[in-house]
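Here is the structure we will look at.
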Amino acid sequence: MGLNCTFAFFTTTAIALAVYLQTASDSIAGGDAGELVAEGCTLGIAHPPGYPLFTIIVYFITSLGKHYLQNLSPAYLVNASSCLFGSIASGLVAATVYEISTNLRLEDEKDQPIVRQSSSIAAGLMCAFSPLLWQYNTSAEVFALHNLFVASIVFALTKYNQQKHSLRVIVIGAYLCGLSLTNQHTAILLVVPVAAWVLFSSTIERKKLIVISFVSFVAGIICYVSLPIFEKMYPHAGSWGNVKTMRGFIHHFLRKDYGTLQLWSGGGDNTTEDMITRTLSWVADFAMHQLCHPALMLFLVLGCTRVCSPKKRNKRNVKSRTNVHSGIATGRVIIASLIFYLASFHSLSNLPLSNPLLFGVHQRFWMHPNILCFILVGVGFDTAARAMPATAAARLMPIIMVAIPLVTCTLNFEASDQSENQVFRGYASSILETLPPQSLLLINYDMTFTSVRYMQECEGLRDDVHTINLSMMTYPWFKEKQHLHQGLQFPGSHYTKGNTIAWLNGGFTFAEFLDANPDHNIYIAGRLSHDDPTYVERFEEKPHGLVRHITRRSNSIGPVEEYRNSSLHAWQTVTKHLSPNNLPSETKYPESTWEWTVKKEFVDHLVSRSTYLLDIALRSPQTQVLPAIAEAAAWLEVATSLDENLDNSPSMKKNLGLAYMNIVRSNESHFPIVEDIFSSIHNETKHQVWVGPNDEDWKAWATKQWQRSWGEFLDMSSAREEADYQSVKQIYDTVMKSSRTRSHQK
């Protein structure tokens with residue numbers, strides 16, 4: 001790089017890095033981050049395709065942290081490394097724009113490096129501060145490193161087009177292509193068009209070119225050999241797959257557990273959105289959200305037009321025909337790579353975009369094409385500057401080009417600032433710390449597994465708790481992992497559905513697993529992978545904080561107060577980490593984020609505990625159940641205040657009415673004081689249920705609450721679909737008629 005290009009690179013990198021570090025969290029993020037860092041801390045095997053390069057980098061960084069930076073969490077160290085990768089990627093975007101713009105300069109044009117620098121730095125910082133790249137360039141995921149590889153390969157392409165005879169550039173480029181695939185397989189969608197162009201255009205003898213490129217490519221991708229080495233030397237119960245055998249290694253490399261060339265195995269397909277629809281969604285997202293204003297799409301069009309214009313339209317002499325050809329070639333390969341990526345990825349992607357959370361998962365893969373577009377936007381900036389008088393361009397462009405990324409940064413700063421984000425550390429802690437010693441925790445939800453695994457493996461929290469990912473238990477390779485789960489008995493090769501071929505061939509059901517381990521204290525987070533009638537018949541799940549305690553069913557109901565007190569203690573532990581005042585804000589964390597699901601899960605478990613407590617209190621032959629009923633009503637009111645959707649839920653209104661009706665019917669003499677563990681809630685939806693009515697008779701007060709709840713229930717059109725709608729209506733009408741009669745008599 002020349003001096004001016006170097007200035008653009010380092011200026012962009014330094015600014016992006018400074019902002020990134022200021023907004024990075026010292027906690028783990030949602031998604032795959034927890035698992036990826038956990039496997040890196042222990043040199044384990046991450047989910048397919050394994051991510052060996054990222055695993056090695058994480059291990060190196062966290063090992064240094066243990067010895068020299070003990071005051072920094074492993075999560076922060078990896079987040080900071082992502083900040084570095086992302087900022088360098090943005091710097092390379094700026095450098096690429098500068099090189100292309102320089103190559104396209106006409107001979108009789110006045111050389112204005114400051115204009116090209118302004119355009120380049122603006123494009124690089126717009127890329128850095130676009131919300132999607134900002135989010136993942138500051139979190140412990142593979143995407144920041146992938147962004148670095150995309151920017152590096154494109155920059156290498158730029159240098160290649162300037163020096164088609166250079167073996168050094170080809171060796172570096174091919175090595176980067178191979179190495180990029182050890183981090184993120186979607187890099188192949190850039191490698192293919194770039195490699196095709198090199199093979200087509202290189203002036204080096206074809207056979208020599210192929211041999212050198214192949215050897216360099218293999219030197220990069222050979223990093224994958226580390227996976228079987230890791231599994232052999234550092235076996236871990238929670239690691240994924242069986243890569244010690246060639247068959248298992250290929251199975252893992254090809255992501256067959258999810259479906260090769262698919263994003264997930266959850267049943268999504270291409271019938272919901274076709275390739276065109278998905279591509280249009282990307283266009284809309286890029287124009288409306290990733291750019292600070294949709295009008296900036298004009299510069300993308302200008303950049304594409306600049307590199308696609310036929311040479312015959314350029315009637316003026318050029319300073320160097322070779323340079324112009326190289327600039328045009330680089331721009332056209334970038335456009336071809338963009339089209340190839342969008343068409344290929346959106347044809348293969350099977351995540352339904354109608355689901356907000358899965359849309360967010362899908363959206364992560366748009367950073368790759370976004371980087372290509374920001375390069376073209378930068379070329380468009382330079383094109384616009386060339387149309388201006390030289391003096392005006394020299395004076396105005398630096399100001400304009402500073403203003404655009406500054407506005408972008410300002411608009412996205414609040415949403416992208418994760419420096420105070422402790423959601424998943426709190427979430428995992430609130431699960432692990434509620435469990436008794438030596439418990440077995442079965443997890444079947446990615447968010448739960450990744451955050452819990454990170455806290456156990458990297459920060460050493462509650463490593464006495466044995467955790468198993470239920471989805472891992474469903475794969476045939478799990479039988480090779482069973483010996484690592486010491487103290488557990490597995491009645492077959494892997495967890496499957498009963499009365500199926502897999503079951504007959506040696507699989508086991510969930511109920512059979514529980515029968516094989518009767519002495520373990522077992523908790524579950526998430527749902528079972530398969531329907532199991534035997535499990536439903538013989539076992540029950542008691543809400544316990546953010547998980548559920550699995551116990552054998554009994555014909556009798558245990559002491560209601562005993563469950564109320566034990567579950568209350570679990571929730572007191574939960575609220576040390578997660579409480580209504582620190583739950584993720586829906587303004588900052590919409591439905592497409594993992595943080596949003598934490599709040600939803602918090603409320604769901606709040607409701608689950610309340611309805612279970614109400615149910616056993618109403619079915620219990622015990623007489624002292626009013627504290628349980630009152631607490632159930634109070635917690636349902638709190639849940640309604642946290643989630644406005646519950647205020648429109650027929651089942652919520654029905655349960656609240658049921659609770660208040662039984663408060664009225666209670667023969668107990670005093671209304672209990674319900675302990676308020678959610679002290680941050682101060683609004684009218686709580687009514688006075690926490691401390692009971694003040695001067696009002698508590699049964700008269702409960703009658704009003706019953707009337708309100710069931711009255712709202714009966715007014716809901718959706719309530720008519722409830723099985724016991726008529727029973728509720730009959731009771732309500734009878735009571736209200738009786739009340740009116742008494743009032744009339746008085």
Side-chain angles (χ1 to χ4, degrees), residues 32 36 39-40 45-59 81-82 85-86 88-89 92 136 141-157 160 169-199 210-231 240-241 243 246 248-263 333-334 336-338 340-345 347-349 364-369 371-372:
D32 299 327
L36 291 169
E39 300 310 325
I45 310 300
H47 67 276
Y51 310 102
L53 178 61
F54 190 78
T55 300
I56 293 170
I57 291 173
V58 171
Y59 179 76
S81 69
S82 291
F85 299 149
I88 295 175
L92 287 171
Y136 285 99
E141 283 265 20
V142 298
F143 294 100
L145 185 56
H146 176 71
N147 295 338
L148 176 57
F149 276 120
V150 171
S152 298
I153 291 171
V154 173
F155 184 74
L157 170 69
Y160 162 78
V169 173
I170 290 175
V171 167
I172 293 174
Y175 176 77
L176 287 173
C177 288
L179 193 63
S180 67
L181 294 177
T182 67
N183 177 69
Q184 177 63 262
H185 279 191
T186 53
I188 193 68
L189 300 180
L190 178 62
V191 171
V192 168
V194 169
W197 168 250
V198 171
L199 288 174
I210 292 174
V211 171
I212 291 175
S213 299
F214 178 77
V215 171
S216 302
F217 179 85
V218 170
I221 202 170
I222 203 170
C223 181
Y224 255 108
V225 174
S226 62
L227 289 186
I229 296 174
F230 293 162
E231 183 166 6
W240 201 284
V243 299
M246 179 59 70
F249 175 82
I250 294 174
H251 180 97
H252 201 74
F253 179 81
L254 294 179
R255 305 177 74 255
K256 289 189 176 181
D257 289 338
Y258 298 142
T260 303
L261 301 180
Q262 293 183 348
L263 283 184
V333 175
I334 289 173
S337 300
L338 175 65
F340 182 72
Y341 184 94
L342 294 174
S344 301
F345 179 75
S347 295
L348 297 171
S349 173
R364 302 179 303 176
F365 296 90
W366 286 344
M367 287 182 280
H368 178 139
I371 290 172
L372 303 181

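One is the number of the first residue; the rest follow in order along the sequence.
To the nearest 0.5 angstrom, L145 atom CG is 5.5 Å from L53 atom CG. Here the CD1-CZ distance, from I222 to F217, works out to 12.0 Å after rounding to the nearest 0.5 Å. Note that CD1 of I221 is 13.0 Å distant from OG of S216, once rounded to the nearest 0.5 Å. To the nearest 0.5 angstrom, S226 atom OG is 7.5 Å from I45 atom CD1. Between atom OG of residue S347 and atom CZ of residue F345 there is a gap of 10.5 Å, rounded to the nearest 0.5 Å. Going from atom CD1 of I172 over to atom CG of L179 covers 13.0 Å, rounded to the nearest 0.5 Å.
Counting only distance, with no hydrogens or angles, the side chain of S213 and the backbone of I210 share no donor-acceptor pair below 3.5 Å. With H251 contributing its side chain and V243 its backbone, the two residues share no donor-acceptor pair below 3.5 Å. Side-chain N or O atoms of T55 include one that pairs as donor or acceptor with a backbone N or O of Y51 at under 3.5 Å.
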(request) For side-chain contact (heavy atoms from CB on, under 4.5 Å), just list the numbers for E141 and R364, CA-CA rounded to whole Å, side-chain angles, deciding distance to a tenth of an Å, and then say yes or no. (result) CA-CA 10 Å; E141 283 265 20; R364 302 179 303 176; 3.5 Å; yes

(request) Apply the test side-chain contact (heavy atoms from CB on, under 4.5 Å) to residues L36 and V142: give CA-CA distance (whole Å), side-chain angles for both, the deciding distance (0.1 Å), then the verdict. (result) CA-CA 8 Å; L36 291 169; V142 298; 3.9 Å; yes

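Of all heavy-atom pairs spanning L227 and P49, the tightest one is CD1-O, 4.1 Å. Summarising the geometry of P369 relative to L338, their closest heavy-atom pair is CB-CD1, 3.5 Å, with the distance given to 0.1 Å. Between W197 and L157, the shortest heavy-atom contact is CD1-CD1, 3.7 Å. Scanning both residues, I188 and P193, for their nearest heavy atoms gives O-CD, 4.4 Å. Closest approach of A89 to A151, counting heavy atoms only: O-CB, 3.5 Å. Nearest heavy-atom pair, S180 versus F149, reported as atom, atom and distance to 0.1 Å: CB-CG, 3.6 Å.
Between H47 and Y258, the ring planes are tilted. Angles from 30° to 60° get that label.
Proximity of F230 to I56: side-chain heavy atoms (C-beta onward) are separated by under 4.5 Å at one or more points. Looking only at side-chain heavy atoms (C-beta outward), W240 and D257 come within less than 4.5 Å of each other. The shortest distance between side-chain heavy atoms of L181 and Y224 does not fall below 4.5 Å. At a threshold of 4.5 Å between non-hydrogen side-chain atoms, the residues S82 and Y136 do not count as touching. You'll find the side chain of F365 reaches within 4.5 Å of the side chain of Q184, heavy atoms only.
Taking the side-chain contact (heavy atoms from CB on, under 4.5 Å) definition, one finds that I88 meets it with F9, T13, L84, L92, L148, sequence neighbours left out.
Evaluated for a side-chain contact (heavy atoms from CB on, under 4.5 Å) with F340, the options V333, L190, V192 yield exactly one hit, V192.
Ring centroids of H146 and F85 are separated by 6.0 Å or more, keeping the two rings apart.
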